[in-house]
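To start, the structure itself, in structure tokens.
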Amino acid sequence: MSVRVQLEDFDAGAEIAKISATNTNVGGVCSFVGLVREFDEGSAITAMTLEHYPGMTEKQLAKIEAEAHERWPLEDSLIIHRYGRMEPGEQIVLVVTASAHRKAAFEACEFLIDWLKTQAPFWKSEETPDGAKWVDAKAADDEAADKWKK
Amino acid sequence: MSVRVQLEDFDAGAEIAKISATNTNVGGVCSFVGLVREFDEGSAITAMTLEHYPGMTEKQLAKIEAEAHERWPLEDSLIIHRYGRMEPGEQIVLVVTASAHRKAAFEACEFLIDWLKTQAPFWKSEETPDGAKWVDAKAADDEAADKWKK
Amino acid sequence: MKILYFAHFREKTNVAEEDVELPAGLTDVNSLIDWLASRDDGFADAFRDRDHIRVAVNQEHVEFDTLIEGATEVAFFPPMTGG
Amino acid sequence: MKILYFAHFREKTNVAEEDVELPAGLTDVNSLIDWLASRDDGFADAFRDRDHIRVAVNQEHVEFDTLIEGATEVAFFPPMTGG
């Protein structure tokens with residue numbers, strides 16, 4: 001169970017392999033990698049810069065990860081979220097969840113990424129041909145996060 | 001979009017990285033790795049042997065993968081399923097789905113693994129302290145597969 | 001017609017694969033199962049519980065009322081446990 | 001009290017971080033927002049639309065009726081767009 005907020009890229013495969021090798025009670029490892037797309041809602045993007053709130057970010061990520069472990073029988077988990085400038089095709093975020101059962105791994109992974117989209121203190125600024133633009137929060141992301149409310 | 005049925009182990013991380021690098025329309029890559037557990041419903045397992053129906057397996061996997069692409073807007077996908085003898089901790093199966101949007105990637109990945117559990121012609125035999133035993137199909141797996149029926 | 005047996009069907013019948021001349025009158029999978037079950041004790045045991053029989057005709061998973069005329073390959077196996 | 005401004009709050013106010021002595025009478029986040037908005041045009045612009053203001057007190061995301069007495073760190077930012 002760990003959280004990393006970092007400038008550098010990460011090796012998703014190595015992280016997933018490490019978690020798979022953790023213990024032989026793990027029957028399924030679900031992972032999600034979020035990447036910078038070349039187009040967002042139709043407009044071309046040359047790069048994206050992620051700003052965050054150092055201190056709060058790590059604290060809130062650790063808290064939501066602990067909540068995922070309370071809600072699902074997870075054997076292990078990992079969240080890596082980058083900040084700084086990234087170009088299309090670059091990795092932004094990795095969420096990995098490991099459980100004896102696949103349903104728990106899938107649900108916890110989706111819960112964490114839905115939460116990150118709406119509740120982690122990150123803000124995206126996109127570089128477009130028309131200049132830099134702060135990305136607006138999406139109603140669809142709020143709805144996705146709402147479905148996990150108890 | 002491809003399917004592999006093989007005896008050899010696979011490098012999940014390399015496969016995921018390959019799919020992430022495919023094209024810059026990919027915003028999210030969801031993956032699931034299934035592993036041999038040391039205990040199945042309480043009984044210790046020293047190894048598991050997966051038998052399959054060569055010919056039918058590849059055909060059915062390609063068909064279900066095509067169906068996933070019809071049902072969700074996927075940019076790419078991959079299914080690797082091993083057969084033969086495997087020990088606890090070894091990887092059995094990998095499903096990777098890539099999409100512009102995370103919800104499609106998650107749903108298609110879970111759809112494919114739920115389908116593999118119940119509809120792909122594989123059969124597991126477990127080596128236990130009491131001898132070899134064919135694994136019974138689980139009602140929970142049928143229910144998981146049923147939820148995708150249209 | 002080629003018939004394949006997987007998992008415990010292979011173990012109980014002691015046959016992995018065979019080419020058979022079907023007797024006249026076999027129309028669908030149901031009648032094929034009845035005929036196979038009548039061959040010997042091993043086959044009778046393997047084909048006793050229809051709830052646990054799955055069948056593929058020409059590598060497509062089908063129901064027991066599927067006609068087998070012209071089929072080149074039929075396979076019997078228990079419920080699948082992949083993934 | 002330390003106040004932090006992120007994303008377009010930082011750009012509009014031209015302040016990333018400041019230490020302020022709050023005037024008497026500020027009780028909750030709502031009254032703090034009113035006071036900040038009255039400071040100059042940049043602050044007025046940043047704090048105009050309450051629907052798009054999010055606030056954290058001592059690094060916890062809170063509602064506007066949260067009391068700020070004794071808080072050491074308050075941060076203002078737009079809706080989050082991580083992931």
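A, B, ... follow the sequence lines: proteins, then strands. Residue 1 opens every chain.
Between the side chains of Ser125(B) and Thr49(B), not a single donor N or O lies within less than 3.5 Å of an accepting N or O.
At least one side-chain heavy atom of Glu75(B) sits under 4.5 Å from a side-chain heavy atom of Asn23(B). By the 4.5 Å heavy-atom criterion applied to side chains, Phe32(B) and Thr97(B) are not counted as neighbours. No side-chain heavy atom of Arg85(A) sits under 4.5 Å from any side-chain heavy atom of Glu90(A). Two residues are said to be in side-chain contact when any heavy atoms from C-beta on lie closer than 4.5 Å; Tyr83(B) and Leu7(B) meet this criterion. Residues Glu15(A) and Leu94(A) meet the side-chain proximity criterion, which asks for heavy atoms closer than 4.5 Å.
Of all residues spanning residues 126-149 of chain A, those with a heavy atom less than 4.5 Å away from chain B's heavy atoms are Asp141(A), Ala144(A), Lys147(A), arranged by number.
Ranked by heavy-atom pairs under 4.5 Å with chain A, the first of Val36(B), Leu35(B), Val95(B) is Leu35(B). Between chain B and the residues Ala12(A), Gly28(A), Gly27(A), the most heavy-atom pairs under 4.5 angstrom are made by Gly27(A). Among the candidates Arg102(A), Glu110(A), Gln91(A), Glu38(A), the residue making the largest number of heavy-atom pairs closer than 4.5 Å to chain B is Arg102(A). Among Ile113(A), Ile16(A), Val26(A), the residue with the largest count of heavy-atom pairs under 4.5 Å with chain B is Val26(A). Interface remark: of the candidates Pro88(A), Ala100(A), Ala105(A), Ser31(A), Ser31(A) forms the most heavy-atom pairs closer than 4.5 Å to chain B. Per-residue heavy-atom pair counts under 4.5 Å with chain B were compared for Cys109(A), Ala14(A), Ala98(A), and the maximum is reached by Cys109(A).
Heavy atoms from other residues, nucleotides or ligands lying under 6.0 Å from NZ of Lys59(B) number more than 12.
With salt bridges taken as basic N to acidic carboxylate O contacts below 4.0 Å, none links Lys150(A) and Glu67(A).
Phe111(A) and Trp72(A) have tilted rings, their planes meeting at an angle from 30° to 60° on a 0 to 90° scale.
Both the backbone and the side chain of Asp114(A) come within contact range of chain B, each with at least one heavy atom under 4.5 Å from a heavy atom of that chain.
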